[in-house]
Amino acid sequence: MINCFKKKSPILYFLIIFFMLFSNTDAVYPTQRSNVKDFKWGAVPFPYNQGSTQFLMLDSLDGWAFSEYLHQLYQYDNGNWSLIVKPDNIDYIQIFGFSKKNVWLGCFEKNKFRYFLRHFNGTKWSNIYPPNTDRIKDLAFVAADNIWGACEWGEIIHYNGKVWQLISTPTFGHLTSIAIVNDSLGWATGEYRANGTLMLWNGSKWKKIYELKKFPIDRVLMVNSEIGWVFIKGKTPTALRIERDKLFHTNFSNFLQDTMLVSMEFFKKPTVFYFDKAVTQSGDVAYTDFNDNKREILFSLGDRQEYDSFLFCSDGSVSYLQRKPDSTYSESKLLYAPEPLGNRDEYGVAYGDFDIDGDEDFYVINTEGENRLNLYNGNQDIKSASPIHFVNAADELNILGVNKTESGDHIYDMGVSAADVDNDGDREIYISCLYGKNQLHENINGKRFREIANYAGVTCGTTRSNVGIWGDVDNDGDVDLFVTNEDTTNMLFLNDGAGQFREITSQSGLTSSRGGKGATFGDLDLDGDLDLMAPYFSLPNRVYRNDGINEKTGLPSFTDVTKLWLPPGPDSLAKSASATLTDVDNDGDLDLFIANLVVSNRLYENDGSGRFKDITKKAGLLDSSLSYHGCFFDADNDGDLDLYVTNRGKNLFFENQNGKKFVRATKIMHNALKCRRRLRRRRRKKKNILNP
């Protein structure tokens, strides 16, 4: 038995979990033997043969279904199926239900590239936008006005009958399922890098119970108010039994009380099975009586060909169901469009004159393939072929990047930045990686690159680095390096002036928790040194003041001034992806823009001393996009900085109107870029005339 609230030593805790999962000793529980044949079974043929379909049966005459591929929704009303017309810009993803008057659809809005919910009250549909913008993987119903949701990026949301709100969780990874018994007891499962996570709700907060290495936890199900099951993926299905707030290991096969073969040979079209007025969701979950908390669960553990399922009865017993596939039945074939041409996995970019010929080039990383070094018009050795103005010279200059580790796993380059690391007049390139050591490529007179990260001391090990940024934090005339990491603390490296670095994270006061994403240096308080803004993916964002050189250590020292400088907000649940410092209002100090993936982006105005004020709504930048980055530049040459935001969906452009308000004006940006191209062409033409 595991008491989830008692503290144990890590070694003892590991041994208990290991024993639970792999011991042959079976726990014995008093269960009432049930016969699956005693259940009143029925079948409803689905008239549209469209391949994989999700079903939600409320009773034998009412239910819902939709095609996962065609995203078409059908209602089964009083024994008849009918197609429900949906808006063209919406795809249906998942279906959940509590009763005839409480059906929920997980939807994807294609024009805004965000997920949301549609609610059916028995008469009409209404769109409901939770505070997050990522996919809702599972819903758990306690009552019509008490619904919990598990989301793809680790958030949990709660609905009180009027609004949805975000609930903080201790996990960094994805959530896969949720089961709530009542207001003081619930469970949720998660997955992160093939590791499984199980969390418990104790009425006030979510607490991580344990994390299984290399064993993703697929689902948690409750059969009644006290008994439930946790399923662990693997070659053979493994289950943990829940009794209230405790877990028990069991030999799953010993719980199979009966076996029933459900033949499909007489059903020539897709068929949904139901029993005893049950709610059957995609062949996964069935509820019988919500008021008495009696629930029957049909959970499929086999693959699509085997149709193997398990029926978890409210008395605690388990029955095995083997669906016999019909040899004449085949799902409809779907034609898939070929992959589009181009490098769709390009992720980061860095600009600079890498070949020292007087014009700007750019370097692009590809998460799984070869990176590209694009030289403008090439150079003396690599000529441009008209009309191509940029020539890929990554191979010739030896900077394709490393795609795989020695064991053959993909490294996944994520971030790239450039700086003159060794003060020799050319720019080096630093690449941060998720599954491998970071790389520093030394530029040799613009002719060739050489990888020297290990020699320079900036590999960062295997910490899942996101980005490296450069800045002279000690004002000694060379650039230092700050790296954000997901699996451990962010890191600060001090440059010795010749391109070799020493890690001083702890000595400088910058030790942090995991989850670092983007970062940026800037003199926030106008005292002559570089301060630091560090956004996080699952923790509150941090602002650090540079206090100069510490007299005792002789090293730069930083102080966390987040509570003093940054106003409180939803940033700990926002999944912040990047931060940008720029002078939005032309008052001489640096303002702050934070791009978020879950809630609205944020714009903060600096008062000149480093203290920020949230002006997002006032500036017209409240949004519902899933944003990665904000770039400020004067697109219309009117003296203020406009804003371009990159999103998971459509990128957006905002015109700055005298530093007071931003107005969405994508067409203005397109016209401005056309004007700039025409102006560049005229200048080049004039230059050619003057210098034939």
K.L.:
Apply side-chain contact (heavy atoms from CB on, under 4.5 Å) to the pair L56 and V103, showing each step before the final yes or no.
P.N.:
CA-CA 9 Å; L56 172 66; V103 175; 4.1 Å; yes

K.L.:
What residues, two or more places apart in sequence or in another chain, satisfy side chain to side chain donor-acceptor pair (under 3.5 Å) together with W104?
P.N.:
N102

K.L.:
Could you work out, with side-chain contact (heavy atoms from CB on, under 4.5 Å) as the rule, every residue matching Y628, not counting sequence neighbours?
P.N.:
Y347, A577, L597, T646, R648

K.L.:
Which heavy atom of P130 sits nearest a heavy atom of I128, and at what distance?
P.N.:
CD-O, 3.3 Å

K.L.:
Just to verify, what does E109 make a salt bridge (charged side-chain N to carboxylate O under 4.0 Å, His left out) with, not counting sequence neighbours?
P.N.:
none

K.L.:
Kindly indicate whether the side chain of K618, heavy atoms from C-beta on, has any atom under 4.5 Å from the side chain of K661.
P.N.:
no

K.L.:
Do you know the tightest heavy-atom contact between W125 and L73?
P.N.:
CZ2-CD2, 3.9 Å

K.L.:
Tell me whether E655 is salt-bridged to R664, with the criterion being a basic N under 4.0 Å from an acidic carboxylate O.
P.N.:
no

K.L.:
How would you list, by chain and number, every residue that makes a salt bridge (charged side-chain N to carboxylate O under 4.0 Å, His left out) with K101, sequence neighbours excluded?
P.N.:
none

K.L.:
Any side-chain heavy atom of T197 sitting closer than 4.5 Å to one from I217?
P.N.:
no

K.L.:
Could you please spell out the steps behind the side-chain contact (heavy atoms from CB on, under 4.5 Å) verdict for D642 and F653?
P.N.:
CA-CA 8 Å; D642 308 296; F653 172 73; 3.6 Å; yes

K.L.:
What pairs with N146 under side chain to side chain donor-acceptor pair (under 3.5 Å), at least two apart in sequence or on another chain?
P.N.:
W148, H158, D183

K.L.:
Within a strict 4.5 Å, meaning less than it, do heavy atoms of the N466 and R464 side chains meet?
P.N.:
no

K.L.:
Which label fits W81 and Y76: parallel for a plane angle under 30°, tilted from 30 to 60°, or perpendicular past 60°?
P.N.:
tilted

K.L.:
Take R135 and Q94 through the side-chain contact (heavy atoms from CB on, under 4.5 Å) test and state the conclusion after the steps.
P.N.:
CA-CA 10 Å; R135 179 175 176 176; Q94 288 170 294; 3.5 Å; yes

K.L.:
D623: what forms a salt bridge (charged side-chain N to carboxylate O under 4.0 Å, His left out) with it, not counting sequence neighbours?
P.N.:
none

K.L.:
Name all residues meeting the side-chain contact (heavy atoms from CB on, under 4.5 Å) criterion together with A595; count only those two or more places apart in sequence or in a different chain, and write none if there are none.
P.N.:
S578, F593, N601, S627

K.L.:
What distance do I180 atom CD1 and L185 atom CG have between them, rounded to the nearest 0.5 Å?
P.N.:
8.0 Å

K.L.:
Side chains of V663 and F654: does their closest heavy-atom pair fall under 4.5 Å?
P.N.:
no

K.L.:
Using side-chain heavy atoms (C-beta onward) and a distance below 4.5 Å, is I136 in contact with L117?
P.N.:
yes

K.L.:
Applying side-chain contact (heavy atoms from CB on, under 4.5 Å), can you list everything that pairs with L622, at least two apart in sequence or on another chain?
P.N.:
S600, R602, T616, K617

K.L.:
Answer yes or no: is there a side-chain heavy-atom contact under 4.5 Å between L198 and K208?
P.N.:
no

K.L.:
Taking side chain to side chain donor-acceptor pair (under 3.5 Å) as the test, write out the residues that go with Y92, two or more places apart.
P.N.:
R118

K.L.:
Could you tell me if the side chain of I242 sits less than 4.5 Å from the side chain of M222, heavy atoms only?
P.N.:
yes

K.L.:
Using every non-hydrogen atom in the two residues, find where G518 and V467 come nearest and quote the distance to one decimal.
P.N.:
CA-CG1, 3.7 Å

K.L.:
Checking Q75 now: which residues fulfil side-chain contact (heavy atoms from CB on, under 4.5 Å) with it, not counting sequence neighbours?
P.N.:
W64, D77, S82, I84, F120

K.L.:
Does atom CG of D88 have more than 12 heavy-atom neighbours, drawn from other residues, nucleotides or ligands, at distances under 6.0 Å?
P.N.:
no

K.L.:
How would you list all residue pairs meeting salt bridge (Lys or Arg N to Asp or Glu O under 4.0 Å) that involve residues 141-155, not counting sequence neighbours?
P.N.:
E155-K575

K.L.:
Is there a side-chain contact between P170 and M199 (heavy atoms, below 4.5 Å)?
P.N.:
yes

K.L.:
Could I get the full list of side chain to side chain donor-acceptor pair (under 3.5 Å) partners for T176, not counting sequence neighbours?
P.N.:
T189

